[in-house]
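One structure is given here, and the rest of the page talks about it.
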Amino acid sequence: MSTDPRAGEAGTQIEPEILDELLSMRASIDNIDATLVYLLAERFKATQRVGVLKAKHQLPAADPAREKNQISRLKRLANEAQLDPEFAEKFLNFIIEEVIRHHQAISSAGLGSEQSSTEALGAAAVGPGESAADAAAPHDSTDR
């Protein structure tokens with residue numbers, strides 16, 4: 001059987017032709033996962049700009065009406081795409097929580113006072129699971 005690391009445990013348990021089909025499917029999944037990561041990065045970059053605008057004009061980090069509308073919209077889209085709408089809602093809620101946290105960090109960074117937009121973006125660029133202190137460390141990151 002196969003010693004291909006992409007096969008995982010299945011490589012020792014199934015016939016080569018079935019393994020080839022499995023690896024092909026997994027390659028598609030890997031490509032989709034990569035696309036999701038890049039799409040999320042772009043989404044967070046766009047919401048980072050929203051956070052800067054909100055901070056500059058002293059707007060609240062959260063917008064419950066917009067969030068509610070987005071969740072309803074995403075659930076409708078999920079249903080049309082034959083994706084569990086409840087899963088879509090959980091996924092969007094996680095993203096919204098991260099975005100709000102990023103927007104709060106941007107606001108706390110003092111955007112609009114003496115700090116430039118670029119400095120505030122860097123200081124508030126907090127990825128999921130990072131603290132505001134982690135945001136000060138140089139690295140690439142994104143926001144809602």
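Only a predicted model underlies this, so the values are computations on that prediction, with no experimental measurement involved.
For the pair I100 and D63, the minimum side-chain heavy-atom distance is 4.5 Å or more.
With a 4.5 Å cut-off between side-chain heavy atoms of Ile, Leu, Val, Met, Phe, Trp and Tyr, the cluster of I32 takes in L36.
Counting only residues at least two apart or on different chains, no side chain to side chain donor-acceptor pair (under 3.5 Å) pair has a member in residues 20-29.
Rounded to the nearest 0.5 Å, atoms CG (N93) and CD (E98) are 12.0 Å apart. For the atom pair CG of L23 and CD1 of I18, the computed distance is 12.0 Å after rounding to the nearest 0.5 Å. Summarising the geometry, atom CZ belonging to R43 is positioned 8.0 Å from atom CG belonging to L40; distances are rounded to the nearest 0.5 Å. The distance from atom CD1 of I106 to atom CD of Q48, rounded to the nearest 0.5 Å, is 4.0 Å. Atom CZ of F91 sits about 11.0 Å away from atom CD1 of I96, to the nearest 0.5 Å.
Partners of I29 according to the side-chain contact (heavy atoms from CB on, under 4.5 Å) rule, which considers only residues two or more places apart in sequence or in another chain, are D33.
Between the side chain of K54 and the backbone N or O of A61 there is at least one donor-acceptor pair closer than 3.5 Å. Within the 3.5 Å criterion, the main-chain N or O of Q104 finds a donor-acceptor partner in the side chain of S108.
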Identify every side-chain donor-acceptor pair in residues 68-79 under 3.5 Å, counting partners at least two apart or on other chains, and give the distances.
| residue | atom | partner | partner atom | Å |
| --- | --- | --- | --- | --- |
| N69 | ND2 | A65 | O | 3.4 |
| Q70 | OE1 | R66 | NH1 | 3.4 |
| S72 | OG | K68 | O | 3.2 |
| K75 | NZ | E86 | OE2 | 3.4 |
| K75 | NZ | E89 | OE1 | 3.1 |

